[in-house]
Amino acid sequence: LLGYMGFSAARRAEENQVWLGMAKETAHQLGTPITAILGWLEALKATNEGHEQNLEMLHELGNDITRLELVADRFSKIGSQPELQPINLYDQLERCREYMQRRSPRKITFDFPVPSEQTPLMVNINPHLFDWVIENLLRNAI
């Protein structure tokens, strides 16, 4: 029984290491196309000077590319201890709300506290991981 438990635990640890390696490799491989997309985005911005509507869409595309970079960063840090920073929770929630509002149907509105109307609430969080959680909660709610 002890031998089986030891073998089973060793096998699970090995499987976890394989998944960890795959996550880190996926993050690494995402870097090349993300960099290329950023280059194309800059070229599109240059050819659309004076076309405000196009530039606004390109700006939002840039925000989505930044989000892809964050996803790749999250994958690269799987298995690592998250780095926490003191952040004003209301400001961070507002950034999440703004991002999601632009990507949600027009009939959807989010009722978040307005940061300027709140006493700052400083909390130790990892902003990228926090945003990921809030974004998932909002997408599931929608």
Co-members of the apolar cluster containing Leu61 [side chain, <4.5 Å]: Leu30, Ile34, Ile37, Leu38, Leu41, Leu44, Leu55, Leu58, Ile65, Leu68
Nearest-0.5 Å distance, CZ of residue Phe112 to CG of residue Leu93: 5.5 Å
Full working for side-chain contact (heavy atoms from CB on, under 4.5 Å) between Arg97 and Glu94: CA-CA 5 Å; Arg97 187 202 61 76; Glu94 179 61 15; 2.7 Å; yes
Arg106: side chain to side chain contact (heavy atoms under 4.5 Å, CB included) partners, not counting sequence neighbours: none
Hydrophobic cluster of Leu70, others only, ordered by chain and residue number, side-chain cut-off 4.5 Å: none
Contacts of type side chain to side chain contact (heavy atoms under 4.5 Å, CB included), residue Glu60, not counting sequence neighbours: Asn63, Arg102, Arg103
For Glu135, salt bridge (Lys or Arg N to Asp or Glu O under 4.0 Å) partners two or more places apart: Arg67, Arg139
Leu137-Val71 co-clustered via ILVMFWY side chain contacts under 4.5 Å: no
Nonpolar side-chain network containing Met57, other nodes, edges under 4.5 Å: none
Leu138/Tyr99 under side-chain contact (heavy atoms from CB on, under 4.5 Å): CA gap, chis, key distance, verdict: CA-CA 11 Å; Leu138 293 175; Tyr99 178 81; over 6 Å; no
Side chain to side chain donor-acceptor pair (under 3.5 Å) involving Glu69 - partner list, sequence neighbours excluded: none
Leu129: hydrophobic cluster co-members (side-chain, 4.5 Å): Trp132
Could you pull out every donor-acceptor pair under 3.5 Å between side chains of residues 81-89 and any protein atom, sequence neighbours left out?
| unit_1 | atom_1 | unit_2 | atom_2 | d |
| --- | --- | --- | --- | --- |
| Asn88 | OD1 | Tyr90 | N | 3.0 |
| Asn88 | OD1 | Leu121 | N | 3.4 |
| Asn88 | ND2 | Asp91 | OD2 | 3.3 |

Residue pairs, two or more places apart or on separate chains, that pass side-chain hydrogen bond (donor to acceptor under 3.5 Å, both in side chains) and touch residues 6-15: Ser8-Arg12
Side chain to side chain contact (heavy atoms under 4.5 Å, CB included) against Ile108, all qualifying residues, sequence neighbours excluded: Ser104, Pro105, Phe110, Ile142
Arg95 side chain reached by Asp131 side chain, heavy atoms, under 4.5 Å: no
Point-to-point distance, once rounded to the nearest 0.5 Å, from CG of Asp64 to NE2 of His59: 10.0 Å
Qualifying residues under side chain to side chain donor-acceptor pair (under 3.5 Å), relative to Gln118, sequence neighbours excluded: none
